[in-house]
Protein chains: 2
Amino acid sequence: MNQFVKFISQFISLSNEDTIALENVLSNKSYKAGDKIVQEGSICNSILFTVSGKSRSYFVNHEGQEFTWNFHFNDADSKFENYFLVDYYSFLRQTPSHLTIEALEDIEAITLSYTNIQKIVSKSINLEKVASIMSATAYENVHKRAFTLLTSNAKERYLQLLKDEPYLLNKFQHYLIASYLGVAPQSLSRLRKEISKP
Amino acid sequence: MNQFVKFISQFISLSNEDTIALENVLSNKSYKAGDKIVQEGSICNSILFTVSGKSRSYFVNHEGQEFTWNFHFNDADSKFENYFLVDYYSFLRQTPSHLTIEALEDIEAITLSYTNIQKIVSKSINLEKVASIMSATAYENVHKRAFTLLTSNAKERYLQLLKDEPYLLNKFQHYLIASYLGVAPQSLSRLRKEISKP
DNA sequence: TACTTTCATTCACATTTGTGAAGAAATGAA
DNA sequence: TTCATTTCTTCACAAATGTGAATGAAAGTA
């Protein structure tokens with residue numbers, strides 16, 4: 001059974017027709033390490049579901065600095081939002097993406113296009129629920145990110161990462177974690193030293 | 001004609017039936033300056049549309065510090081999202097709110113409850129579009145906020161505010177603006193001095 | 001008006017974070 | 001393995017931001 005369909009089934013019970021309708025609009029796609037899965041400036045017209053491989057999404061500011069927005073992978077540690085490779089902002093509005101998504105390893109993914117989502121959603125109330133769960137989750141995620149950035153300093157953000165998603169430290173390079181926290185790599189190093197032996 | 005209906009009409013053409021259906025589920029509500037319109041911890045079960053008066057939404061961190069999330073008012077300067085008094089996060093999921101919304105002046109508002117939205121949305125495709133416009137806008141807004149906080153420092157955030165929403169400086173007290181930017185009031189003062197005479 | 005309260009600014013100093021350079025450690029390739 | 005490359009850490013110093021206190025301006029109240 002398709003991994004994406006299996007994933008959706010955890011949330012919503014799908015009829016046989018729903019399952020078939022869904023499977024019919026899905027296709028497989030693969031990327032090589034280093035590929036840009038989503039390009040800043042281009043419109044994000046499909047949602048990709050990660051089957052295997054790690055990737056990261058990031059913003060680039062006016063000075064060319066990269067800031068990791070999120071990490072994406074599919075294993076026991078991953079959360080809901082980690083599976084999906086998409087700039088929701090761009091996807092929802094069909095406007096140019098601000099985000100770039102880059103394959104850190106070879107990626108296997110399942111793709112669902114914007115137009116196909118419209119098609120299946122209009123056919124099935126259950127599938128409509130999936131779309132709303134996904135967008136509510138995306139909203140929660142970005143909301144939490146903004147809250148953390150507004151209300152806490154670098155040390156607090158690192159402690160929160162240690163608490164909420166410590167496995168990221170083993171999966172991704174620390175300079176990427178640093179840009180996820182919004183600090184310089186050297187500052188992260190300093191924080192780690194300070195926290196490890198108080 | 002109801003101000004909220006008028007507002008909606010700018011985006012979507014409403015049939016007579018739609019208009020009547022919408023007006024039937026709206027009601028007026030007023031608050032006194034200082035009132036809490038949305039309380040942290042309680043579920044946000046309606047969306048309020050500001051007719052008059054200023055308010056602000058804010059988070060409180062673990063140390064009791066307040067961080068302004070947004071300013072809300074309804075005049076020539078206001079944007080889409082400024083009208084609405086709601087914690088979308090809480091509203092979408094019907095979970096306890098993280099935000100508090102406080103009336104800075106006496107407020108007149110139009111209220112639309114969660115259950116009533118479901119009712120009218122299921123009756124009219126046009127009204128469904130309104131709901132999706134609103135949630136896409138909420139998403140864009142929070143996305144932009146997170147992006148700015150992640151990628152720019154205090155000075156850049158202040159310059160961006162000067163560029164994008166300078167009128168806030170005349171409408172709201174500077175210590176509130178400071179907490180919106182995520183800096184201490186004294187730091188905002190220093191930035192203003194530095195920028196006014198280079 | 002005078003009085004009180006609140007807010008904005010300024011200052012000195014503390015703390016946090018950034019930066020560039022250097023070396024250590026880890027990783028990957030031949 | 002050895003060598004080259006990348007990443008992590010450490011350090012010293014610079015820059016940014018926070019903090020508490022003091023002052024004066026502005027706004028509200030009697």
Side-chain angles (χ1 to χ4, degrees), chain A residues 32-34 54 56 58 60-68 71 102-106 148-162 166-198, chain B residues 32-34 53-54 56 58-68 71 102-106 148-162 166-198:
Chain A
K32 289 280 166 203
K54 293 187 280 194
R56 70 159 184 142
Y58 61 92
V60 181
N61 76 357
H62 50 93
E63 286 172 342
Q65 276 180 296
E66 294 178 0
F67 293 86
T68 297
F71 298 105
E102 176 191 45
L104 299 173
E105 301 173 345
D106 290 356
T148 302
L149 289 164
L150 181 64
T151 63
S152 48
N153 61 21
K155 187 175 182 177
E156 292 165 330
R157 298 201 295 277
Y158 176 64
L159 287 170
Q160 187 174 328
L161 182 135
L162 274 186
Y167 45 81
L168 291 181
L169 290 163
N170 306 320
K171 282 188 207 294
F172 297 92
Q173 290 151 340
H174 287 186
Y175 75 96
L176 295 179
I177 305 276
S179 87
Y180 178 61
L181 293 170
V183 298
Q186 299 98 316
S187 298
L188 176 57
S189 221
R190 175 166 41 202
L191 287 170
R192 286 168 56 75
K193 186 182 175 189
E194 185 187 336
I195 285 162
S196 67
K197 36 179 174 177
Chain B
K32 289 280 165 203
K54 293 189 279 194
R56 69 159 185 143
Y58 61 91
F59 293 118
V60 181
N61 77 355
H62 50 92
E63 285 171 342
Q65 275 180 297
E66 294 177 1
F67 293 85
T68 297
F71 298 105
E102 176 191 46
L104 298 173
E105 301 173 346
D106 290 355
T148 302
L149 288 165
L150 181 64
T151 63
S152 49
N153 61 22
K155 187 175 182 176
E156 292 165 330
R157 297 201 297 275
Y158 177 64
L159 287 171
Q160 188 174 328
L161 181 135
L162 274 186
Y167 45 81
L168 290 181
L169 290 164
N170 306 320
K171 283 188 207 294
F172 297 92
Q173 290 151 339
H174 287 186
Y175 76 96
L176 295 179
I177 306 275
S179 87
Y180 178 63
L181 293 170
V183 298
Q186 298 97 316
S187 298
L188 176 56
S189 224
R190 174 165 41 204
L191 288 170
R192 286 168 55 75
K193 186 183 176 187
E194 185 188 335
I195 285 161
S196 67
K197 37 179 172 177

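Every chain is numbered from 1 and lettered A, B, ... according to where its sequence line falls, protein lines coming before strand lines.
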Distance, rounded to the nearest Å, where [X] contributes [atom1] and [N] contributes [atom2]:
X      : N      : atom1 : atom2 : result
A/R190 : D/dC13 : CZ    : C1'   : 11 Å
A/N153 : C/dG18 : CG    : P     : 11 Å
A/L188 : D/dT7  : CG    : C1'   : 12 Å
A/E194 : D/dC8  : CD    : P     : 19 Å
B/L191 : C/dA8  : CG    : C1'   : 14 Å
A/Q186 : C/dG23 : CD    : P     : 16 Å
A/E63  : C/dG18 : CD    : C1'   : 12 Å
B/Y158 : D/dG18 : OH    : P     : 15 Å

| message | Please evaluate residues B/F172 and B/F71 with respect to the criterion ring-ring contact (aromatic ring centres under 6.0 Å, His included), reporting the C-alpha separation (whole Å), side-chain torsions for both, the decisive distance (0.1 Å), and the verdict. | response | CA-CA 8 Å; B/F172 297 92; B/F71 298 105; 4.2 Å; yes

So, OP1 or OP2 of [N]: does either fall under 4.0 Å of a side-chain N or O from [X]?
X      : N      : result
A/K193 : D/dC8  : no
B/S187 : D/dT17 : no
B/R192 : C/dT9  : yes

Any donor and acceptor pair, going by atom type alone, linking the side chain of [X] with main-chain N or O of [Y] inside 3.5 Å?
X      : Y      : result
B/E105 : B/A33  : no
A/S196 : A/R192 : yes
B/S179 : B/T68  : yes
A/K155 : A/L191 : no

In Å, rounded to the nearest 0.5 Å, how long is the span from [atom1] of [X] to [atom2] of [Y]?
X      : Y      : atom1 : atom2 : answer
A/N153 : A/T148 : CG    : OG1   : 11.5 Å
A/K171 : A/L176 : NZ    : CG    : 14.5 Å
B/S152 : A/E63  : OG    : CD    : 10.0 Å

| Side chains of A/Y180 and A/R56: donor-acceptor distance under 3.5 Å anywhere? |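 Checked: A/Y180/A/R56 side chains show no N/O donor-acceptor pair below 3.5 Å.
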
| Five-pair end axes of the helix from C/dT1-D/dA30 to C/dA30-D/dT1 and the angle they enclose, rounded to 10° |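 Result, rounded to 10 degrees: 50°.
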
| query | When you measure from every atom of DNA chain D, which of residues 168-181 of chain A have a heavy atom less than 4.0 Å away? | reply |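 Those residues are A/Q173, A/H174, A/Y175.
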
